[in-house]
Amino acid sequence: MTVFHCVKCGVALTGELVALAFVPAVDDSDRGRDRDTGRARSTVPRGHYAVDPEPWGAPFVSVDEARRRVRGAGRELMRPDSGLTESAGRRDSVVVHPDDVLPRLEPFVLGDNWLGCCGPTGAHGPNLACVCGCRAATWAADCLGPNELHLDPVRVWAREQPGGRADGQ
């Protein structure tokens, strides 16, 4: 079991989470979509985390069609001015279920980083901060994109918890 902490102040940003071997594929982003909020179901199940080895989030860089990488369906960030771009964001972000982190983080609204009709798109950089002000995460939860919360691998650190089992006992 692992707990993620803010690198600036050390406060725990999650409870104990179990590692997944990879970020789960989103086979149908509309299956399980919340009718009230329009949000897709979370990519990672509650109580778990996965490390995304691919670049994720802002900034985005221009690429030609031949070099463009394609992400799994349902995990693309919605960007109105995307053209032919791909993420040049950090690799190895920690993807968690939003409910495992949101009680401990506060919205950090700056410019466009909270844009979206039903929630933040996540395409404009970190939009969640620790109570100390450290911009530790980006949440993508708009109705047209994924529902993923990425902890910044440079702004958080992980601590393995001794003992404990995956079933919480």
Student: Find the distance between CZ (Arg39) and CG (Asn147) and round it off to the nearest 0.5 Å.
Tutor: 6.5 Å
Student: Can you give me the closest heavy-atom contact between Cys134 and Arg155, atom names plus distance?
Tutor: SG-CB, 4.0 Å
Student: Is Val156 linked to Leu149 within one hydrophobic cluster, defined over Ile, Leu, Val, Met, Phe, Trp and Tyr using a side-chain heavy-atom separation of less than 4.5 Å?
Tutor: yes
Student: With a 4.5 Å heavy-atom cut-off, do Arg91 and Glu54 have their side chains touching?
Tutor: yes
Student: Ala58 and Gly125: which non-hydrogen atoms are nearest, and at how many Å?
Tutor: CB-N, 3.6 Å
Student: Are Val51 and Leu20 co-members of a hydrophobic cluster defined by side-chain heavy atoms under 4.5 Å apart?
Tutor: no
Student: Which atom pair, heavy atoms only, marks the closest approach of Cys117 to Asp142?
Tutor: N-OD1, 3.0 Å
Student: Answer with yes or no whether the hydrophobic clustering places Trp56 together with Val95; edges join I, L, V, M, F, W, Y residues whose side-chain heavy atoms lie under 4.5 Å apart.
Tutor: no
Student: Could you check whether any side-chain heavy atom of Pro24 comes within less than 4.5 Å of a side-chain heavy atom of Val44, counting everything from C-beta outward?
Tutor: yes
Student: Would you kindly confirm whether Leu128 and Val131 end up in one hydrophobic cluster when ILVMFWY residues are joined by side chain heavy atoms under 4.5 Å apart?
Tutor: no
Student: Quick one: does any side-chain atom of His5 pair with a main-chain N or O of Gly10 as donor and acceptor, under 3.5 Å?
Tutor: yes
Student: Val11 and Cys132: side chain to side chain contact (heavy atoms under 4.5 Å, CB included), yes or no, with the steps?
Tutor: CA-CA 9 Å; Val11 71; Cys132 72; over 6 Å; no
Student: CG of Leu17 to NE2 of His48: how many Å apart, nearest 0.5 Å?
Tutor: 9.0 Å
Student: I'd like to know whether Val3 forms a side chain to side chain contact (heavy atoms under 4.5 Å, CB included) with Glu16, so could you lay out the CA-CA distance, the side-chain angles of the two residues, the decisive distance to 0.1 Å, and finally the verdict.
Tutor: CA-CA 5 Å; Val3 175; Glu16 294 181 341; 3.8 Å; yes
Student: Work out which heavy atom in Asp36 is nearest to a heavy atom in Asp34; give both atom names and the distance.
Tutor: N-OD1, 2.8 Å
Student: Could you walk me through whether Asp52 and Phe22 pass the side chain to side chain contact (heavy atoms under 4.5 Å, CB included) check?
Tutor: CA-CA 7 Å; Asp52 189 351; Phe22 52 87; over 6 Å; no
Student: Quick one: closest heavy-atom pair of Thr121 and Ala140, and the distance?
Tutor: O-CB, 3.3 Å
Student: Less than 4.0 Å between a side-chain N and a carboxylate O, is that true for Asp152 and Arg135?
Tutor: no
Student: Are side-chain heavy atoms of Pro98 and Ser42 found at a separation under 4.5 Å?
Tutor: yes
Student: Enter the distance from Leu151:CG to Trp157:CH2 here, rounded to the nearest 0.5 Å.
Tutor: 13.5 Å
Student: Tabulate below the donor-acceptor pairs under 3.5 Å that side-chain atoms of residues 101-109 make, not counting sequence neighbours, or state none.
Tutor:
residue, atom, partner, partner atom, Å
Arg104, NH1, Asp100, O, 3.2

Student: Which label fits Tyr49 and Phe4: parallel for a plane angle under 30°, tilted from 30 to 60°, or perpendicular past 60°?
Tutor: perpendicular
Student: Is a side-chain N or O of Arg33 found less than 3.5 angstrom from the main chain of Cys143, in a donor-acceptor match?
Tutor: yes
Student: Do Thr138 and Asn127 have side chains that approach each other closer than 4.5 Å (heavy atoms only, starting at C-beta)?
Tutor: yes
